[in-house]
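Heads up: the structure comes next, in structure tokens.
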Amino acid sequence: MPTIHDRIQVTRDKRVEKILALGQRRFPGERPGRVLVDLAGERAEQLAREAAYPLDTIPVFRSPARTVTREMVADALDDDE
């Protein structure tokens with residue numbers, strides 16, 4: 001199909017075949033190229049969301065009894081028991 005956009009070529013090796021097989025379950029009936037584009041798009045969105053959270057950020061959770069703080073998590077991780 002004609003396009004003004006550059007195309008990329010992907011070799012259907014074992015890794016790509018595995019990705020396509022998994023992608024077909026997620027996007028049944030779609031062409032292989034569409035499956036790869038849709039999977040890449042989902043992964044890009046996931047990476048963008050993760051970029052908003054620094055890796056060293058520990059969220060604060062609420063328990064019925066009290067708030068679990070960063071310090072409580074650190075203490076629990078340092079506990080040798």
Side-chain angles (χ1 to χ4, degrees):
M1 180 177 291
T3 180
I4 61 170
H5 301 288
D6 291 339
R7 294 182 183 269
I8 62 170
Q9 187 174 14
V10 177
T11 301
R12 291 181 72 160
D13 59 12
K14 288 180 183 180
R15 181 178 183 210
V16 172
E17 288 297 336
K18 183 178 176 181
I19 292 167
L20 286 171
L22 292 169
Q24 281 296 328
R25 287 191 275 168
R26 178 126 174 85
F27 304 106
E30 292 291 343
R31 297 180 332 273
R34 173 55 44 199
V35 169
L36 289 178
V37 169
D38 289 347
L39 288 173
E42 284 187 355
R43 180 63 175 138
E45 290 170 4
Q46 181 185 21
L47 290 171
R49 283 191 307 272
E50 289 173 4
Y53 283 103
L55 294 178
D56 64 347
T57 299
I58 299 175
V60 175
F61 298 98
R62 293 213 175 266
S63 70
R66 60 185 179 182
T67 300
V68 179
T69 65
R70 183 186 302 259
E71 290 78 21
M72 293 166 70
V73 171
D75 288 343
L77 293 174
D78 288 337
D79 193 6
D80 290 332
E81 295 181 347

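Worth saying up front: this structure is predicted, and the values here are computed from it rather than measured. Atoms considered below: every heavy atom in the structure, side chains included; atoms not considered: hydrogens, waters and symmetry mates.
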Q. So which of Val37, Asp38, Leu39 actually passes side-chain contact (heavy atoms from CB on, under 4.5 Å) with Val35?
A. Leu39

Q.
If we ignore hydrogens and angles and just use 3.5 Å, is the side chain of Gln24 paired with the main-chain N or O of Glu30 as donor and acceptor?
A. yes

Q | Inter-residue atom distance Asp13.CG - Ile19.CD1, 0.5 Å rounding | A | 8.0 Å

Q. About how many Å separate CD of Glu45 and CG of Leu47, when rounded to the nearest 0.5 Å?
A. 10.5 Å

Q: Check whether any side-chain N or O of Thr3 sits under 3.5 Å from a backbone N or O of His5 as a donor-acceptor pair, and report yes or no.
A: yes

Q: Using distance alone, with no hydrogens and no angle criterion, decide if Gln46 and Arg43 have a side-chain donor and acceptor under 3.5 Å apart.
A: yes

(Q) Could you walk me through whether Val10 and Val16 satisfy the side chain to side chain contact (heavy atoms under 4.5 Å, CB included) test, starting with their C-alpha distance in whole Å, then the side-chain angles of each, then the deciding distance to 0.1 Å, before giving a yes or no? (A) CA-CA 8 Å; Val10 177; Val16 172; 3.8 Å; yes

Q) Taking side chain as C-beta onward, heavy atoms only, is Lys14 less than 4.5 Å from Glu17? A) no

(Q) As an exercise, state the distance from CG of Leu20 to CZ of Arg15, rounded to the nearest 0.5 Å. (A) 12.0 Å

